[in-house]
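In what follows, a single structure is set out as structure tokens and then discussed.
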Amino acid sequence: MIALYFGSFNPIHKGHISVARYVVEQGLADKVWLVVSPQNPHKQSSQLAPEEHRLAMARLAVEEFEGVEVCDVEFSLPRPSYTVNTIDTLRERYPDEEFALLGGGDVAATIHTWREGKRLMTENKILIYPRGEDDHFGEPFVMLDGAPKMSVSSTRVRELIGSGEAWQDEVPPRVAEYIEKHKLYMEQNSVEQALAAGKEAYARSDFGAAMNHFGEVLRLAPDNEEAGQWLTMIDEILAFRHKDYYNP
């Protein structure tokens, strides 16, 4: 059986690897495939490092662990990536393989809201590793109570990188080298600061300054939808004022 561990892996960290290794070492699955999602429907694209970097980091992270592999199937599928479509595709490509889902307690809590969530729960074995002491779910979930608890998250790693705090011990060494080489996530703090400054300027009706700050956000993170929405709103306000002043 192959356990499919879906995620953005933004970035992949030691917690991801420890869970995947546990599943293989305990014989709960023959292999674990880390299915890297280029575009998660539950996350803004502006939050994600470029997909090719996330895929490369995942491959670096697993290369020394037997039974843990990276799957890039979603890179050739329509986006955003829906788990039910991916599993259907994998079953078509590998008809002799048995697949199961692997995820944290957050998966068990939300899977009913996913596209065709009910079918996912009825057609698949779902292995759940608890993230906290309160993570306990009954059928159809199979709880991995002995799995290592994650003490870190991708969000926390990004926060540490953005703030300049020590973060290297939270990810595999080769992943840390890759992040530093490509300067990934290092502008995240600047993006958040510029976004906050733009909102403050907007609140005091200093639209020129707000546009400058939101423009800086888009320079650092071109796919930031929130900054784009603020700029559109300011443009509409200024257009209305111009019409009001010059076309009474």
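Please read all numbers here as calculations on a predicted model, not as lab measurements.
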Partner of Ser154 by side-chain contact (heavy atoms from CB on, under 4.5 Å), out of Glu170, Arg54, His16 |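 Filter result, single survivor: His16.
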Mind checking whether [X] and [Y] have side chains closer than 4.5 Å, heavy atoms only?
X	Y	value
Leu184	Tyr178	yes
Leu90	Cys71	yes
Leu144	Gln26	no
Trp114	Val84	no
Glu116	Thr83	no
Pro11	Val157	yes
Val36	Asp72	no
Gln168	Glu180	yes

Quick one: [atom1] on [X] to [atom2] on [Y], what's the gap to the nearest 0.5 Å?
X	Y	atom1	atom2	result
Glu66	Lys31	CD	NZ	9.5 Å
Arg119	Asn124	CZ	CG	8.5 Å
Asp223	Leu218	CG	CG	9.0 Å
Arg59	Leu34	CZ	CG	11.0 Å
Tyr82	Gln39	OH	CD	8.5 Å
Phe214	Asn224	CZ	CG	9.5 Å

Which heavy-atom pair separates [X] from [Y] by the least distance, and what is that distance?
X	Y	result
Thr110	Thr113	O-OG1, 2.6 Å
Arg93	Val73	NH1-CG2, 3.4 Å
Val23	Ala3	CG1-CB, 4.5 Å
Leu160	Ala166	CD1-O, 3.7 Å
Ala20	Val32	O-CG2, 3.7 Å
Pro172	Ile12	CD-O, 4.3 Å

List for me each residue that meets ring-ring contact (aromatic ring centres under 6.0 Å, His included) alongside [X], sequence neighbours excluded, and say none if there are none.
X	result
Trp167	none
Phe141	none
Tyr94	Trp33

Exceeds 12 heavy-atom contacts within 6.0 angstrom, atom NZ of Lys199 | yes
Should we count CD of Glu165 as having more than 12 external heavy atoms under 6.0 Å?
-> yes
Do the charged groups of Glu51 and Arg79 touch, with an N to O distance under 4.0 Å?
-> yes
Check the pair Ile126 / Phe137 against side chain to side chain contact (heavy atoms under 4.5 Å, CB included), numbers first and verdict last.
-> CA-CA 11 Å; Ile126 306 177; Phe137 301 91; over 6 Å; no
Show the numbers, then the answer: is there a side chain to side chain contact (heavy atoms under 4.5 Å, CB included) between Val171 and Val152?
-> CA-CA 9 Å; Val171 301; Val152 68; over 6 Å; no
Taking it one step at a time, do Phe6 and Ile87 satisfy side chain to side chain contact (heavy atoms under 4.5 Å, CB included)?
-> CA-CA 11 Å; Phe6 287 82; Ile87 294 179; 4.1 Å; yes
Take Met150 and His13, measure what side chain to side chain contact (heavy atoms under 4.5 Å, CB included) needs, and give me the verdict at the end.
-> CA-CA 10 Å; Met150 286 197 191; His13 54 70; 3.6 Å; yes
Please answer: with hydrophobic residues joined when any side-chain heavy atoms are less than 4.5 Å apart, are Met1 and Val19 in the same cluster?
->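 No, Met1 and Val19 fall in different hydrophobic clusters.
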